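Quick caveat, the model's predicted, so the values are computed rather than measured. The basis for the numbers below is simple: all heavy atoms, side chains too, and nothing from hydrogens, waters or symmetry mates.
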Amino acid sequence: MSASAAGPAATGLLCAFAVTRTPPDPAGLAAARGHEEGGPLRVLRADGLCLVVQDVPADLFGEEALTERLNRPEDLERCARAHHRGVEAAAGRGPVVPLPMATLYRGDLTAARAVAARRQVLDTLLDRLRDRTEWAVKVHAAEAEPEAAAATGLGAPARSGDGGRGYLSRVSARRREQQGARGKALAEAEAVDAALRRHAVAATRHRPQSERLTGRRAPQLLNAAYLVEDARRADFTAALARFTAGGTHPAVRVDASGPWIPYSFARWDEDRQADPDQEADPDPQAHPDQEAPS
């Protein structure tokens with residue numbers, strides 16, 4: 001954790017949620033909850049932009065304490081949901097740039113300076129995200145039916161005169177079948193992605209989630225996000241419905257959610273240099289669709 005202009009006597013930190021051009025509705029902001037341990041959400045004006053922030057205690061949000069908390073799944077989920085509430089509160093009257101989760105500053109002045117230093121990037125992002133939303137799509141391989149798995153006969157006793165050679169032959173055949181099935185599923189996942197990209201302004205891929213997070217035995221082949229113009233939403237959702245209904249691509253299962261605030265397309269910090277006044281960012285991904293299941 002770096003030193004800051006606030007000095008060692010500072011007892012609190014500033015948690016920043018999102019940047020917008022138009023301040024959110026005061027009543028809606030007052031009703032919104034950020035982190036339970038912090039104060040009320042408020043608007044910090046910085047170089048013509050509005051930053052939705054919350055004062056939080058340093059003993060809970062300092063680098064070491066926060067890193068320890070975010071290593072606990074239940075606390076990570078609580079922080080992610082609190083961050084999302086703050087971003088939603090900022091988004092009521094126009095486009096927003098959601099900031100990475102746990103974007104922390106030592107006071108209003110350093111936060112305002114950070115926004116001013118990135119004014120050009122933020123303006124570009126706000127223009128890009130206007131009247132657009134994000135849709136999340138996850139594609140899994142179709143789970144094998146128990147009857148199909150049993151039909152391979154790998155666990156069956158060797159027939160008379162069959163011996164080990166027959167067993168190895170069945171193992172080899174099963175392996176070829178699995179490789180073929182995975183290849184087909186991957187091809188269908190790519191076809192889904194290609195079709196949806198035709199109706200989107202932009203698309204990006206996240207790392208596939210593990211079985212522990214998805215709760216499925218079948219592997220996740222595609223974890224993608226699509227930025228969609230509001231004017232083309234009907235076209236996108238119609239294409240999406242054909243895939244989520246099943247039948248057109250039998251080797252995969254397609255799940256989708258949205259519309260979301262476009263977290264995946266609002267990274268203001270990708271090209272930033274080290275900021276001596278900003279606290280550590282333990283986990284920049286706070287998209288609610290990427291959280292572990294409750």
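Side-chain N or O atoms of T67 include none that pairs as donor or acceptor with a backbone N or O of E64 at under 3.5 Å. Side chain of H83 to main chain of H35: no donor-acceptor pair is present (N/O by atom type, distance under 3.5 Å, no hydrogens or angles). Looking at R216, its side chain never comes within 3.5 Å of a backbone N or O of L213 through a donor-acceptor pair. Using a distance-only test at 3.5 Å, with no hydrogens or angles considered, a donor-acceptor pair links the side chain of T20 to the main chain of P95. Between the R118 side chain and the A114 main chain, a donor and an acceptor come within less than 3.5 Å of each other. Between the E188 side chain and the A251 main chain, a donor and an acceptor come within less than 3.5 Å of each other.
Summarising the geometry of V52 relative to P24, their closest heavy-atom pair is CG2-CG, 4.1 Å, with the distance given to 0.1 Å. The two residues E37 and P57 make their nearest non-hydrogen contact at O-CD, 3.4 Å.
The pair R205-E190 counts as a salt bridge, with a side-chain nitrogen and a carboxylate oxygen less than 4.0 angstrom apart. The residues R69 and E74 are annotated as not salt-bridged, no charged nitrogen and carboxylate oxygen being separated by less than 4.0 angstrom. R93 and D25 are joined by a salt bridge, as a carboxylate oxygen and a charged side-chain nitrogen come within less than 4.0 angstrom of each other. Residues R72 and E77 are not paired through a salt bridge, judged by the lack of any N-O separation under 4.0 Å between the basic side chain and the carboxylate.
Counting heavy atoms from C-beta on, the side chains of V139 and D255 never come closer than 4.5 Å. Looking only at side-chain heavy atoms (C-beta outward), L99 and L51 come within less than 4.5 Å of each other. Looking at V56 and L14, their side chains never come closer than 4.5 Å, going by heavy atoms from C-beta outward. Side-chain contact between E134 and P259 is absent, with no heavy-atom pair separated by less than 4.5 Å.
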Legend entry - Derivation and outcome, side chain to side chain contact (heavy atoms under 4.5 Å, CB included), residues V254 and H249: CA-CA 9 Å; V254 180; H249 291 72; over 6 Å; no

Inset, instruction - Run the numbers on T214 and Q220 for side chain to side chain donor-acceptor pair (under 3.5 Å), then give the verdict. - result: CA-CA 8 Å; T214 65; Q220 188 174 96; 5.6 Å; no

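Ring pair F17/H84: centre-to-centre distance not below 6.0 Å. Taking the six-membered ring for Trp and the full ring otherwise, the centers of H199 and Y226 sit at least 6.0 Å from each other.
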Side-chain donor/acceptor pairs under 3.5 Å, residues 235-243, sequence neighbours excluded:
from : atom 1 : to   : atom 2 : distance (Å)
T237 : OG1    : R233 : O      : 3.0
T237 : OG1    : A234 : O      : 3.2

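Here D127 pairs with R21, R130 under the salt bridge (charged side-chain N to carboxylate O under 4.0 Å, His left out) rule; sequence neighbours left out. D108 is linked by a salt bridge (charged side-chain N to carboxylate O under 4.0 Å, His left out) to R42, counting only residues two or more places apart in sequence or in another chain.
Atom CG in D47 sits 13.0 Å away from atom CZ in R113 (nearest 0.5 Å).
When each of N223, T244, L196 is checked for a side-chain contact (heavy atoms from CB on, under 4.5 Å) with V137, only L196 meets the rule.
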